[in-house]
Amino acid sequence: LLLMLAMTVFILALPCVNVANMLLGRASQRTRELAVRAAVGASRGRLIRQMLAESLVLAALGAGGGLIIAVYGVDAMQHYFVDEMNVPGWFEFRLDHRVLGVAVVATLAAGLLTGLVPALQASRLDVNTALKDDSRAAAGMGLGRLSRWLVSAQIAFSTALLVGACILGWTVFEARTVKLAHDPDHLLTGRIELHEANYPTPAHRARFYRTLMERLRAEPGIETVTVTSRNFVGSGVPTQVAPEGLTYAHDNLRPTVQLEVISREYFELVNVRALHGRLFDSREESPAVRAAVINEAFAAKFWPKEDPLGRRFRTSQTSNDWVTIIGVVPNLRMNGLFNPPGMDEAGFYLSQDQMGWGWLDLFLRTKADPLTFVPAVRKAVASLDPNQPIDSIGTLTSQMKRSIRGFTIIGSMAGIFALITLFLGAVGVYGVTSLAISRRTREFGVRLALGATVQQLLGLVLQQGARQIGIGLLLGLLAGFLLTQPLKSVFGAQVTGNPVIYAVVAVLIAAVGLIALWLPARRTSRVDPMTALRAE
């Protein structure tokens, strides 16, 4: 959210730079008018106030148009995200007095910042020079040099914004296309939360789930039933462990791994077999000897070159009783589907028969449409406890969609930001180039009259503009890299530092900038030399 806010500020800054550059161009064309005003008594402060008033009018008109778009845009976002995607009710898009207040303040700030630099520069003109030759007066104000730097600023803002938008969009794309190792369309899931007031002991809770699974397995069309503390999408429970033979000065120094509490049918549901040892079975119904199944990452973390079977470790989840390893299974993304690949996913599994947890996810694999079994599941739960609800019941596919709602919202906004960025960047470069070339019409006429070709004129404009685009690209890529650094802890360095994203952005911005340079240059280079020589 902080990154989105920063991108919003950048998007506001981009049109400010665009308009400031356009006002600089307008000021260079108004030097004689400003000189006449100064000659008849207008002070420098009066000239600055006049130009600031003009920029404030532009900002107010722009803000008015933006608010009209925002009214419809906010309604569309509210309908799409809240109504169709069924996001929580507190997640609301609303255009209220606070938003309007920010818009008013932003309008005033944008108007003042946009007009201040051109006004200060224009008010410095030499009146005598401007009355004699307005082109020399404009050159004396240094507007061309400042305009070129503003073009670089436009490219830098556009590049930084596009880098941020592309990185956000790519992470969303990866989240939406992540694949489970098992078919989520044929898995029905629901959340059951047993409270200690009704089920005071682990034995009571374990018995409830065991009986529920037995009844559901008896239903025709249900192949496998299991319960787990992890819904396949999120991560396990971060748990500190202390392997036998290793000592730690303090319990807080113990390494943290992922824990998942499961019933014995879990590995059958996900179609996984033990790589070494065995899986949970009826022997784990007795809590006498606590057993654990670990994944390959857990084994490699603590016993990289040894057989982990029979090894023991302590954990606070078992009141620091010893837990004996009975089997090793493949890594099953216990750190969550949306965490960056390569993240330490060492984890272990404990048996629900021994742990007796109350808050678990129920999973059923069915032969037919899973949703047709919803009534049977509700009936089975009610037969054990009429007051016990089952929440969030649906297919695993729908659960995954709910889990990435936040990604989808951010990704959609990033896409909108990317389109706005490209549009503003192209308009800014095109507008500034058009004004700059219009001031050089006579120069182009002289060059054509002396034998220069159209291709040479185009090359001259592109060469001079490409230098500013190159400077802006370098600054923008660096700013984009710094802007997205906070995402490294969420999505990993392989996303925020992906060179492909930076290369694509650089090529795209360069192409848009060069096209924006080429179009006005091509139009002006086709002017008849005699017409150009007579240009004012």
Side-chain angles (χ1 to χ4, degrees), residues 3 6-26 28 62 110 113-114 117-118 121 142-169 414-440 458-485 496 498-522 524:
L3 177 61
M7 292 176 68
T8 305
V9 174
F10 269 51
I11 284 183
L12 176 61
L14 181 55
C16 285
V17 174
N18 284 0
V19 176
N21 219 338
M22 298 295 288
L23 290 177
L24 275 177
R26 293 282 294 169
S28 68
L113 292 175
T114 298
V117 173
Q121 290 292 107
L143 297 181
R145 184 170 56 254
L146 181 58
S147 179
R148 288 193 295 271
W149 279 111
L150 287 178
V151 169
S152 296
Q154 289 172 345
I155 297 297
F157 278 123
S158 300
T159 304
L161 279 167
L162 203 57
V163 166
C166 287
I167 287 178
L168 281 175
I416 295 172
F417 285 179
L419 292 175
I420 294 174
T421 298
L422 279 176
F423 175 75
L424 290 177
V427 167
V429 174
Y430 178 85
V432 171
T433 304
S434 296
L435 280 174
I437 290 178
S438 68
R439 293 198 300 267
R440 302 174 64 183
L458 290 175
L460 177 65
V461 174
L462 291 177
Q463 179 183 359
Q464 293 174 347
R467 187 182 303 115
Q468 306 306 317
I469 291 177
I471 295 173
L473 266 177
L474 291 176
L475 295 175
L477 291 175
L478 177 60
F481 176 78
L482 297 175
L483 183 68
T484 56
Q485 283 306 289
T496 57
N498 190 341
V500 176
I501 292 178
Y502 290 88
V504 169
V505 169
V507 170
L508 187 59
I509 290 292
V512 170
L514 290 176
I515 292 173
L517 287 172
W518 179 76
L519 287 175
R522 178 173 174 269
T524 304

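In terms of heavy-atom proximity, A160 sits nearest to G480 at CB-N, 3.7 Å. In terms of heavy atoms, I469 sits closest to A510 at CG2-CA, 4.4 Å. Here the shortest heavy-atom pairing between T159 and G472 reads OG1-O, 4.4 Å.
Taking 4.5 Å as the limit, every side-chain heavy atom of L474 sits out of range of all side-chain heavy atoms of L478. The side-chain heavy atoms of Y502 and I167, taken from C-beta on, include a pair separated by under 4.5 Å. The closest side-chain heavy-atom distance from V163 to F481 is not below 4.5 Å.
The CG atom of L161 lies 8.5 Å from the CZ atom of F417; values are rounded to the nearest 0.5 Å. In this structure, CG on L514 lies 11.0 Å from CG on L519, to the nearest 0.5 angstrom. One finds the CG atom of L508 at 10.0 Å from the CG atom of L473 (value rounded to the nearest 0.5 Å). A distance of 7.5 Å separates OG1 of T421 from CD1 of I509, quoted to the nearest 0.5 Å.
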